[in-house]
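See structure below.
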Amino acid sequence: MSSPAIDFHLHSSFSGDSRAPMEDMIQSAIDKGLTHICFTEHIDKDFPTDHHENFSVDTPAYLETYTALAEKYREQIHIYFGIELGLQPYLSDFYEQYIRQYPFDYCIGSSHLVDGKDPYYPDFFEGRDEAAVYERYFISILENLEAFSYIDTYGHLDYIVRYGPTQNQNYRYETYADILDEILKKLIEKEIALECNTAGFRYGLGHPNPCEEILCRYHELGGQLLTLGSDGHAPQDIAHSYGKIGQLLRSCGFTHLTIFEKRRPLFFPLP
């Protein structure tokens, strides 16, 4: 069975954690046979500065480069203009105003911070119970969804398990089922898609983010809007583990993937 030809979660050097020129990412996507890609550069307003990361984005420069390259490669690949918002409930007004300033095709909402701290850094977990921190992370997603709905998909729903002390060794959907079901129902109610993010394979989890149990539960509850992305920050990351993903998603009951163009959903059959 062939792999999906869509990657709707890509970063280039316009994101603070990537050094990859946008054109290199595009050329890699073409080489790998992709037909539709979307750049989703990071903007994490008020990201803590103690780790010296900068997750702001020069959006006018990003748009200018995107526009030129989308035109240059328009006969070879469809390229879309997106953004990944690092959500925190009090930022809802800021992000809505920001999104309305630019012609985004697609907006990912993601939880990178829990109570102002990023689980990417090991000190986040020091002296804390891993399961309790995971639970707090999922509760924070509900808080974000209550505060802000002007997004198209929720990114890497169980992102936190990439970085926990035992990662996903002791992590099960059933442990957090009540909270996760509430999240999934909220996404369906608000017509926000769920992202299948294949970077979990790149981080050694052996599963996407979110894991198969959550993907299957989303479909069981009636969820139909499913986006797909590698979360690639370098050319070699694009379409990572896509050879596994078609059958995995079919086993959860999905028949189509969703992309967004001018914030409107379009549907593509799974290969």
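Quick caveat: nothing in here was measured; it's all calculated off a predicted structure.
- Cation-pi geometry between Lys45 and Phe94 is met: under 6.0 angstrom from the ring centre, within 45 degrees of the axis.
- For Asn144 and Ser111, the side-chain atoms include at least one donor-acceptor pair closer than 3.5 Å.
- Taking the six-membered ring wherever Trp is involved, the centroid distance between the rings of Tyr121 and Phe125 does not fall below 6.0 Å.
- Annotation: Tyr80 is not in aromatic contact with Phe39 [ring centroid separation under 6.0 Å not met].
- Arg202 places a side-chain N or O within donor-acceptor distance of the main-chain N or O of Ser230, the cut-off being under 3.5 Å.
- Using modelled atom types, one finds a donor on one side chain and an acceptor on the other under 3.5 Å when comparing Asn197 with Arg162.
- A side-chain hydrogen bond (donor to acceptor under 3.5 Å, both in side chains) with Asp158 is found for exactly one of Tyr137, Tyr171, Tyr134, namely Tyr171.
- For Asn209 against Ala199, the heavy-atom pair with the smallest separation is OD1-C, 4.3 Å.
- Side-chain polar atoms of Gln27 and Tyr73 form a donor-acceptor pair below 3.5 angstrom.
- With hydrogens and angles disregarded, a donor-acceptor distance shorter than 3.5 Å links the side chain of Ser28 to the backbone of Pro235.
- Annotation: cation-pi geometry satisfied between Arg100 and Tyr150 (NZ/CZ under 6.0 angstrom from ring centroid, within 45° of ring axis).
- Taking the six-membered ring where tryptophan is involved, the planes of Tyr163 and Tyr120 are perpendicular, since the angle between them exceeds 60° and thus also 30°.
- Between His42 and Phe55, a ring centre-to-centre spacing shorter than 6.0 Å is recorded.
- A salt bridge is defined here as a Lys NZ or Arg NE, NH1 or NH2 lying under 4.0 Å from an Asp or Glu carboxylate O, and Glu182 with Lys186 fails to meet this definition.
- Between His9 and His233, the distance separating the two ring centers is not shorter than 6.0 angstrom.
- Side-chain contact check for Tyr173 and Asp181: at least one donor-acceptor pair (N or O, by modelled atom type) lies under 3.5 Å.
- For the pair Asp7 (side chain) and Ile238 (backbone), a donor-acceptor distance under 3.5 Å is absent.
- Between the side chain of Tyr218 and the main chain of Ile188, no donor-acceptor pair closer than 3.5 Å is present.
- When only modelled atom types and interatomic distance are considered, Asp46 and Tyr90 share a side-chain donor-acceptor pair under 3.5 Å.
- Contact check for Phe124 versus Val133: side-chain heavy atoms found under the 4.5 Å cut-off.
- A side-chain donor-acceptor contact under 3.5 Å links Ser12 and Glu41.
- Paired with Ile141 under the rule side-chain contact (heavy atoms from CB on, under 4.5 Å), one option of Ile183, Leu87, Leu187 passes, and it is Ile183.
- No hydrogens or angles considered: a donor-acceptor pair under 3.5 Å links the side chains of His11 and Glu84.
- Side-chain polar atoms of Glu195 and His156 form no donor-acceptor pair below 3.5 angstrom.
- Side-chain N or O atoms of Tyr242 include one that pairs as donor or acceptor with a backbone N or O of Ile6 at under 3.5 Å.
- Taking the side chain as every heavy atom from C-beta outward, Thr40 and Ile83 never approach each other to under 4.5 Å.
- Taking the side chain as every heavy atom from C-beta outward, Cys196 and Thr227 never approach each other to under 4.5 Å.
- Between Phe8 and His36, the distance from one ring center to the other does not fall under 6.0 angstrom.
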